[in-house]
**Student:** 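Got a structure here, written out as structure tokens. Questions coming.
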Amino acid sequence: MDLEKLLTDRLAPAFETVAGVPVDPVVRRSQRADFQSDAALALARRLGRPPRAIAAAVLDRAELADLCAAAEVSGPGFLNLTIAERALGGLVSALATDPRLGVPETAVPETVVVDYSAPNVAKEMHVGHLRSTVIGDAAARLLEWLGHRVVRANHLGDWGTPFGMLIEHLVDLGEAEATQELSMGDLDSFYKTARAKFDTDEGFRERSRRRVVALQGGDEATLRLWRLLVEQSERYFLTVYDLLDVTLTERDFHGESSYNDLLAPLVADLDRLGLLRRSDGAACVFPPGQVGRDGEPLPLIVRKSDGGYGYPATDLAAIRHRTGTLGATRLLYVVGLPQRRHFEMVYAAAAQAGWLVPPARAEHVGFGSILGPDGRMLRSRAGESVKLVGLLEEAVARATALARERNPELGEAEAAEVGRAVGIGAVKYADLSSDRHKDYVLDWERMLSLDGNTAPYLQYAYSRIRSIFRRAGVAARPDAGISLAEPAERALAFELVGFGTVVAEVERSLEFHHLAAYLHRLAAAFSAFYERCPVLRADGPVRESRLVLCELTARVLRQGLYLLGIRAPGRM
RNA sequence: GCGCCCGUAGCUCAGCGGAUAGAGCAGGGGACUUCUAAUCCCAAGGCCGCAGGUUCGAAUCCUGCCGGGCGCACCA
């Protein structure tokens, strides 16, 4: 139970008595006191009474004695509330014995599909893939922790016309050579060479076209070559996920091709449902309310005029599979915001077909684009994309060097481990700590920064706490009394008891920058506490109390970092 | 043309109906014989794109404009 809610529950009845109708007391944190309630001002006109008088009347009737050390009317009619040390200490004690740190498991567990990462076979993962992968992984971790059944779906781009040219290029290179190149993770040059031949060599282009037909026709020899490409790419992607500390595994690859057999029946069913219209030779669904450039209804092309299927068909098949076969009720698509319209249309069509009906619903967890220095979207085609592993390796190298420099006591192995946790954490945090809806300009230095509001700041706070316990050689006693005489102790306590509120908010919004901001506030509160409040050199009950605060801070930091997909080394 | 997103400190970003708009970086000044200075403390830095409107109260909500990005039929 968080303090906003506790205070709201106490103030609401008093407001209702004074106003004669239910009123939200509008409780929030305040710089002037611990909390303030703003509702009296809004009520003044309606009640025809001065706001200060209303606030005073509410104070008279509210049961606050056990919670608040002070409660007073202030300014034009704010209620300023100061929490009693005993009440705050009680909440801290409750947290200390709560294995879930104030975050209850969900009362209504659901099956949730999180569709994320989705790299393309035989194409390099560039920084653009970072966002989907990192945000999606955080969503999966969070929902799982809350008690939902999470299905991770890595919607691999493993099908379509480019595979004709990719397979022909593989044939040209020879299987051994191609496998070698791909297993080294040199996907970019493989793809680009194939592309270049396709663009310049008429014969190659013709072979590629025939190869696509063979692939789609199920030619066994072609399929074998295709599988080679897919397997090598998957192997490579798994090494990136491993480096990134992402929870995706080989079991989570559900490529576009896995829906191939479902596409023809899907279109037939859409036809049977009367949703299909033929337009310029293509089979289309026209979801209501979607209008294109010329004001005409916008089609979702489920079968192209050449008889092939595009990604709308695959996405529809995936929805049908996820709600039908998997029994999912919440579908998350962690995909860039530019594709918003596409998904709106797919969801609308799926709803019309009866494949996405309440309680099942789909959410586009969209994110802004990564821009180049010119302020325009980074395009892999123009060759301006930045290889993801390059960024990650640089991050690890810098962090490892810093770890060695800052703490010579670390052994070589431990420095490497810390460097990895810090470097990767910094890159992920740089992404997760800003509002996912916004575009951002790719700034190599910003992504690699290890100062300020970054993952290492949080990790450092955590490792300092672990260091205290290593030295103390004791554990915190969760039943110790909590004393909060120092302002820094109070400030830390307020942050600690707020974890549940933040997690609940992020569960709803899937905006992880709120969690990142919270963890930064917590770490900052701890750092200030650490400077001013000695733990091991304190005596008796104060020492016991501070050990509990430390232990709780460490647990919340570790759990919060875990939810963001960031490791918390015990030593830095 | 229509739709969606975005303009906040020199830079990168929070805040999205409440009192004096907050962090970090960069730059200035301090603090390590004391649990790790990857830290802390202090000072400085703002017509919250512009103009109207709603409100007791607007960076926050509404409208219009300006500027930037993205999307709008067979590539995914």
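Protein chains get the first letters and strands the later ones, always in sequence-line order, with residue 1 at the start of each.
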**Student:** Between rC40(B) atom C1' and Y530(A) atom OH, what is the distance in whole Å?
**Tutor:** 11 Å

**Student:** Classify D280(A) by what it touches in the nucleic acid, base, sugar-phosphate, or nothing, heavy-atom distance under 4.0 Å.
**Tutor:** base

**Student:** Which nucleotide wins on minimum distance to the side chain of R341(A), given the candidates rC72(B), rG22(B), rU36(B)?
**Tutor:** rC72(B)

**Student:** Would you mind classifying the nucleic acid contact of A461(A) as base, sugar-phosphate or nothing, using non-hydrogen atoms under 4.0 angstrom?
**Tutor:** nothing

**Student:** Take the protein atom CG of L402(A) and the nucleotide atom C1' of rU36(B), then report the distance between them rounded to whole Å.
**Tutor:** 13 Å

**Student:** Round to a whole Å and report the spacing from CZ of R28(A) to P of rG18(B).
**Tutor:**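 Atom CZ in R28(A) sits about 5 Å away from atom P in rG18(B).
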
**Student:** Looking at rA38(B), rA76(B), rA37(B), which one has an atom nearest to any side-chain atom of Q339(A)?
**Tutor:**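 Closest nucleotide to the Q339(A) side chain: rA76(B).
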
**Student:** If you look at every strand shown and take non-hydrogen atoms under 4.0 Å, does R45(A) touch a base, only sugar-phosphate, or nothing?
**Tutor:** sugar-phosphate

**Student:** So, are E417(A) and R420(A) salt-bridged, with charged N and O less than 4.0 Å apart?
**Tutor:**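 R420(A) and E417(A): not salt-bridged.
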
**Student:** With distance as the sole criterion, do the side chain of R464(A) and the base of rU36(B) form a donor-acceptor contact below 3.5 Å?
**Tutor:**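 No, the side chain and the base share no sub-3.5 Å donor-acceptor pair.
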
**Student:** From CG of N407(A) over to P of rA37(B), roughly how many Å is that when rounded to an integer?
**Tutor:**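 Checked: the CG to P distance equals 11 Å.
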
**Student:** When you measure from the centre of the six-membered ring of F35(A), is the NZ or CZ of R28(A) closer than 6.0 Å and no more than 45° off the axis?
**Tutor:** no

**Student:** Under 4.0 Å, heavy atoms only, any strand: does T454(A) hit a base, just the sugar-phosphate, or nothing?
**Tutor:** nothing

**Student:** Measure from CG on D439(A) to P on rG69(B) and round the result to the nearest Å.
**Tutor:** 10 Å

**Student:** To the nearest Å, give me how far apart NE2 (H514(A)) and P (rA14(B)) are.
**Tutor:** 9 Å

**Student:** Across the strands shown, which category fits P534(A) at heavy-atom distances under 4.0 angstrom: base, sugar-phosphate, nothing?
**Tutor:** base

**Student:** Using a heavy-atom cut-off of under 4.0 Å over every strand shown, decide if A42(A) touches base, sugar-phosphate, or nothing.
**Tutor:**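 Result for A42(A) = base.
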
**Student:** Heavy atoms under 4.0 Å, any strand shown: does N80(A) hit a base, just sugar-phosphate, or nothing?
**Tutor:** base

**Student:** Under 4.0 Å, heavy atoms only, any strand: does Y440(A) hit a base, just the sugar-phosphate, or nothing?
**Tutor:** sugar-phosphate

**Student:** With a non-hydrogen cut-off below 4.0 angstrom, is R471(A) in contact with a base, only sugar-phosphate, or nothing?
**Tutor:** sugar-phosphate

**Student:** Heavy atoms only, 4.0 Å cut-off, all strands: where does S527(A) land among base, sugar-phosphate and nothing?
**Tutor:** sugar-phosphate

**Student:** Looking only at side-chain atoms of C284(A), point me to the closest of rU36(B), rA76(B), rA73(B).
**Tutor:**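 Nearest to the side chain of C284(A) among the choices is rA73(B).
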
**Student:** Give a yes or no on whether a salt bridge exists between K192(A) and E124(A), defined as a side-chain N under 4.0 angstrom from a carboxylate O.
**Tutor:**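 E124(A) and K192(A): not salt-bridged.
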
**Student:** Using a heavy-atom cut-off of under 4.0 Å over every strand shown, decide if S449(A) touches base, sugar-phosphate, or nothing.
**Tutor:** nothing

**Student:** How many Å lie between CZ on F343(A) and C1' on rA76(B), as a whole number?
**Tutor:**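 My rounded result for the distance is 10 Å.
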
**Student:** Any Lys/Arg nitrogen of E486(A) or R532(A) sitting under 4.0 Å from an Asp/Glu carboxylate oxygen of the other?
**Tutor:** no

**Student:** Over how many whole Å does the gap from I468(A) atom CD1 to rU36(B) atom C1' extend?
**Tutor:** 10 Å

**Student:** By the rule that syn is within 90° of 0, classify the base conformation of rC32(B) as syn or anti.
**Tutor:**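 Classified syn.
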
